[in-house]
Visitor: 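Have a look at this one before I ask anything.
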Amino acid sequence: MKRRFIYTLLLAVSSVCLFGSCEKTPVDADGLLITQRSQCFMTFFDALGSDHRTVLVSGSTQIDTTALTVKAVARFGTNLKRIKPYSSVVTDAIVEPNMGIWTDFSTPQQYTVVSGNRKVRKTYTITITLQQ
């Protein structure tokens, strides 16, 4: 009798734990967690060349979170038509379109930082010029 009671109790507790932890977590279309964070800004920017090394002149990148611009200088001779951009953003934010793909930066490009709660969107214009 005591054994059956313990078995039933264990079954009940494990059922509550199993089914109680299945609450729906909000995710976006890409399967990324949607949080309560409304902060939305870029914190770092880098660009890689065909050798997968940075092409930016050290200390040249300026991120203006008020004007929503990124200005960077690439080393002399860099092919601006084939750059792989990377950035860091505030916690839980995402960047659209995705970075890390070959992009033509011979003209300024725009990327949108979207907050963790997916309600705040800020579009940055990224300009890369060649070193003089």
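For reference, positions follow the sequence shown, starting with 1.
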Visitor: State, to 0.1 Å, how close Ser115 and Cys40 come at their nearest heavy-atom pair, and which atoms those are.
Guide: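 That would be N-SG, 3.8 Å.
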Visitor: Does a side-chain heavy-atom distance below 4.5 Å link Gln110 with Thr123?
Guide: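 Answer yes - side chains close enough.
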Visitor: Taking the side chain as every heavy atom from C-beta outward, state whether Ile94 and Arg118 have any pair of such atoms under 4.5 Å apart.
Guide: yes
Visitor: Under the side chain to side chain contact (heavy atoms under 4.5 Å, CB included) rule, what do Tyr124 and Val113 come out as? Steps first, then yes or no, please.
Guide: CA-CA 8 Å; Tyr124 283 76; Val113 179; 3.7 Å; yes
Visitor: If two hydrophobic side chains count as joined below 4.5 Å and joins carry through other members, does Ile126 share a cluster with Leu48?
Guide: no
Visitor: In sequence, state the C-alpha distance, the side-chain angles, and the governing distance for Leu56 and Asp46, and then conclude on side chain to side chain contact (heavy atoms under 4.5 Å, CB included).
Guide: CA-CA 7 Å; Leu56 300 182; Asp46 195 9; 3.8 Å; yes
Visitor: When you group the ILVMFWY residues by side-chain heavy-atom contacts below 4.5 Å and let the links chain together, are Val89 and Val120 in the same group?
Guide: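 Different hydrophobic clusters.
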Visitor: Does Gln39, at its CD atom, have more than 12 non-hydrogen atoms belonging to other residues, nucleotides or ligands within less than 6.0 Å?
Guide: no
Visitor: Between the side chain of Gln62 and the main-chain N/O of Ser60, is any donor-acceptor distance below 3.5 Å?
Guide: no
Visitor: Could you list the donor-acceptor pairs under 3.5 angstrom formed between side-chain atoms of residues 67-87 and any protein atom two or more places apart in sequence or on another chain?
Guide:
{"from": "Arg75", "atom 1": "NH1", "to": "Thr54", "atom 2": "O", "distance (Å)": "2.7"}
{"from": "Thr78", "atom 1": "OG1", "to": "Arg75", "atom 2": "O", "distance (Å)": "2.7"}
{"from": "Asn79", "atom 1": "OD1", "to": "Lys81", "atom 2": "N", "distance (Å)": "3.0"}

Visitor: Please check: side-chain N/O of Thr43 versus main-chain N/O of Ser88, any donor-acceptor pairing under 3.5 Å?
Guide: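 Yes, because the side chain of Thr43 sits within donor-acceptor range (under 3.5 Å) of the backbone of Ser88.
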Visitor: Hydrophobic cluster membership, with links at side-chain heavy-atom distances under 4.5 Å among I/L/V/M/F/W/Y: are Val114 and Val90 in one?
Guide: no
Visitor: Please report, to 0.1 Å, the donor-acceptor pairs under 3.5 Å made by any side chain of residues 96-105, with sequence neighbours excluded.
Guide:
{"from": "Glu96", "atom 1": "OE1", "to": "Arg121", "atom 2": "NH1", "distance (Å)": "3.4"}
{"from": "Glu96", "atom 1": "OE1", "to": "Arg121", "atom 2": "NH2", "distance (Å)": "2.7"}
{"from": "Thr103", "atom 1": "OG1", "to": "Ile101", "atom 2": "O", "distance (Å)": "2.9"}
{"from": "Asp104", "atom 1": "OD1", "to": "Ser106", "atom 2": "N", "distance (Å)": "2.8"}
{"from": "Asp104", "atom 1": "OD1", "to": "Ser106", "atom 2": "OG", "distance (Å)": "2.6"}
{"from": "Asp104", "atom 1": "OD2", "to": "Ser106", "atom 2": "OG", "distance (Å)": "3.4"}

Visitor: Quick one: do Ile128 and Phe45 satisfy side chain to side chain contact (heavy atoms under 4.5 Å, CB included)? Show the steps, please.
Guide: CA-CA 11 Å; Ile128 301 177; Phe45 179 78; 4.1 Å; yes
